[in-house]
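One structure below.
Every value quoted in this text rests on a predicted model; they were computed, and no experiment measured them.
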Amino acid sequence: MAAEEGIVANAAEGSGSWTSSSGQTKLSIYPTPIPELMLLDTPSALEKRIGMVRREITRYYTGVHSKAQGIIDRWISVEEKVETRIKSFRDPTEPLNPGLLYTGISALTTSVLTRSRALPTRILLPPVALGGAFAYFLPGTASRVRAYYGELEDRYAPRFGEIRRTSVAHSGIAWERAKEGAAAGRESVNKGVKSVVESIEQGTGLNLKAMGWAQEVKEEAQSVASVVQNDIKEAIESKSSSGDSEDSKRLA
């Protein structure tokens with residue numbers, strides 16, 4: 001019974017041998033199973049440190065790349081907006097090829113002619129010539145540029161825009177009044193010359209109109225009136241420019 005109990009115990013334990021009651025060990029008739037080896041991948045401290053550094057570098061590179069890509073995308077959007085805005089300035093009814101060429105030639109010629117002049121003349125006349133030539137050769141495009149400048153002025157410097165528009169309106173009113181006054185003066189001079197000629201004809205009996213003297217007097221009076229009109233125009237323009245400079249200084 002004891003031997004049977006030992007055999008049962010060894011079979012239950014799954015060993016490859018059994019022990020009899022006499023203490024002798026006998027080999028099992030079944031082959032002994034080969035134990036399975038399991039390899040555990042356990043990284044070292046150096047490998048863990050290298051992996052952490054690599055992940056940090058990858059994360060930093062990804063952040064820098066995303067920021068750089070965002071800056072590039074914003075710059076591209078700004079370029080597209082600027083290109084769209086510049087294309088919107090062009091008037092489809094105006095050819096740009098000769099107009100821009102003439103404008104550049106005008107500005108360059110003015111710069112060459114004023115290079116030996118005083119410093120304010122060298123600074124002011126080329127931009128004035130550029131603006132005047134641009135408005136003359138490309139009036140539609142210049143009108144669109146002025147409209148966009150007015151929008152920027154109303155958005156960022158509304159006070160300056162109001163002062164500028166007021167000055168331009170006052171200058172226009174003064175110029176119209178000067179034109180009306182010159183026309184009235186020319187008309188009064190013509191009437192005076194006509195009355196003088198008629199009185200001379202009545203007193204002397206000469207036909208001055210047939211002699212052509214009255215026409216010469218009339219032309220001379222008209223030339224004097226045109227000179228007076230030009231003097232008034234220059235005075236108004238100088239006054240308006242000085243008023244604009246004072247307003248800009250006051251605004252600054």
Side-chain angles (χ1 to χ4, degrees), residues 46-169 171-172 237 240-252:
L46 180 60
E47 290 177 346
K48 292 181 180 179
R49 186 64 179 175
I50 292 174
M52 185 177 63
V53 172
R54 182 178 61 81
R55 287 189 293 271
E56 290 294 332
I57 292 174
T58 304
R59 189 180 301 111
Y60 178 75
Y61 172 75
T62 304
V64 171
H65 182 268
S66 61
K67 290 182 180 178
Q69 190 65 36
I71 293 173
I72 292 172
D73 293 339
R74 286 197 296 270
W75 179 255
I76 291 174
S77 65
V78 169
E79 286 183 348
E80 290 177 353
K81 289 180 180 178
V82 171
E83 184 179 0
T84 304
R85 175 59 66 181
I86 291 175
K87 288 182 178 179
S88 66
F89 290 153
R90 181 183 178 183
D91 192 350
T93 61
E94 294 178 350
L96 296 179
N97 188 10
L100 292 178
L101 181 62
Y102 295 155
T103 302
I105 291 174
S106 301
L108 182 61
T109 304
T110 306
S111 178
V112 171
L113 293 177
T114 58
R115 63 181 180 178
S116 60
R117 303 295 179 181
L119 183 61
T121 304
R122 288 196 306 243
I123 295 175
L124 294 178
L125 281 185
V128 171
L130 178 65
F134 183 66
Y136 179 77
F137 293 110
L138 298 172
T141 306
S143 177
R144 295 190 177 189
V145 172
R146 283 196 300 269
Y148 179 67
Y149 173 75
E151 292 179 2
L152 294 179
E153 200 175 51
D154 294 336
R155 184 183 304 172
Y156 298 106
R159 179 60 181 169
F160 179 77
E162 183 180 355
I163 293 174
R164 184 185 64 82
R165 285 190 293 270
T166 303
S167 301
V168 171
S171 300
E237 289 179 352
S240 63
S241 61
S242 62
D244 291 339
S245 60
E246 290 178 358
D247 292 337
S248 60
K249 291 180 181 179
R250 190 180 299 111
L251 180 61

With heavy-atom distances below 4.5 Å as the criterion, would you say the side chains of [X] and [Y] are in contact?
| X | Y | result |
| --- | --- | --- |
| Arg74 | Ile71 | yes |
| Glu79 | Trp75 | yes |
| Phe137 | Ser106 | yes |

Crowded around Phe89 CZ? As in, over 12 foreign heavy atoms under 6.0 Å?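 Yes, because the 6.0 Å sphere around CZ of Phe89 holds more than 12 heavy atoms from other groups.
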Tell me, yes or no, whether the heavy-atom count around Asp73 atom CG, taken from other residues, nucleotides or ligands under 6.0 Å, exceeds 12.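 For Asp73, atom CG is crowded (more than 12 foreign heavy atoms under 6.0 Å).
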Check [X] against [Y] and note the closest heavy-atom contact, atom names and distance.
| X | Y | answer |
| --- | --- | --- |
| Leu96 | Thr141 | CD2-OG1, 4.4 Å |
| Gly63 | Ser66 | O-OG, 2.6 Å |
| Pro92 | Arg144 | CD-NH2, 3.8 Å |
| Leu100 | Phe134 | CD2-CE1, 4.3 Å |
| Pro95 | Leu138 | O-CD2, 3.7 Å |
| Thr110 | Ala129 | OG1-CB, 3.2 Å |

Distance in Å, [X] [atom1] paired with [Y] [atom2], rounded so as to fall on 0.5 Å steps:
| X | Y | atom1 | atom2 | value |
| --- | --- | --- | --- | --- |
| Glu153 | Ile163 | CD | CD1 | 10.0 Å |
| Glu83 | Ile86 | CD | CD1 | 8.0 Å |
| Arg55 | Arg59 | CZ | CZ | 8.0 Å |
| Leu119 | Leu124 | CG | CG | 9.0 Å |
| Leu46 | Ile50 | CG | CD1 | 4.0 Å |
| Thr103 | Leu108 | OG1 | CG | 12.5 Å |

Using modelled atom types and a 3.5 Å cut-off, is there a donor and acceptor pairing between side-chain atoms of Ser88 and backbone atoms of Arg85?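 Yes: the side chain of Ser88 pairs with the backbone of Arg85.
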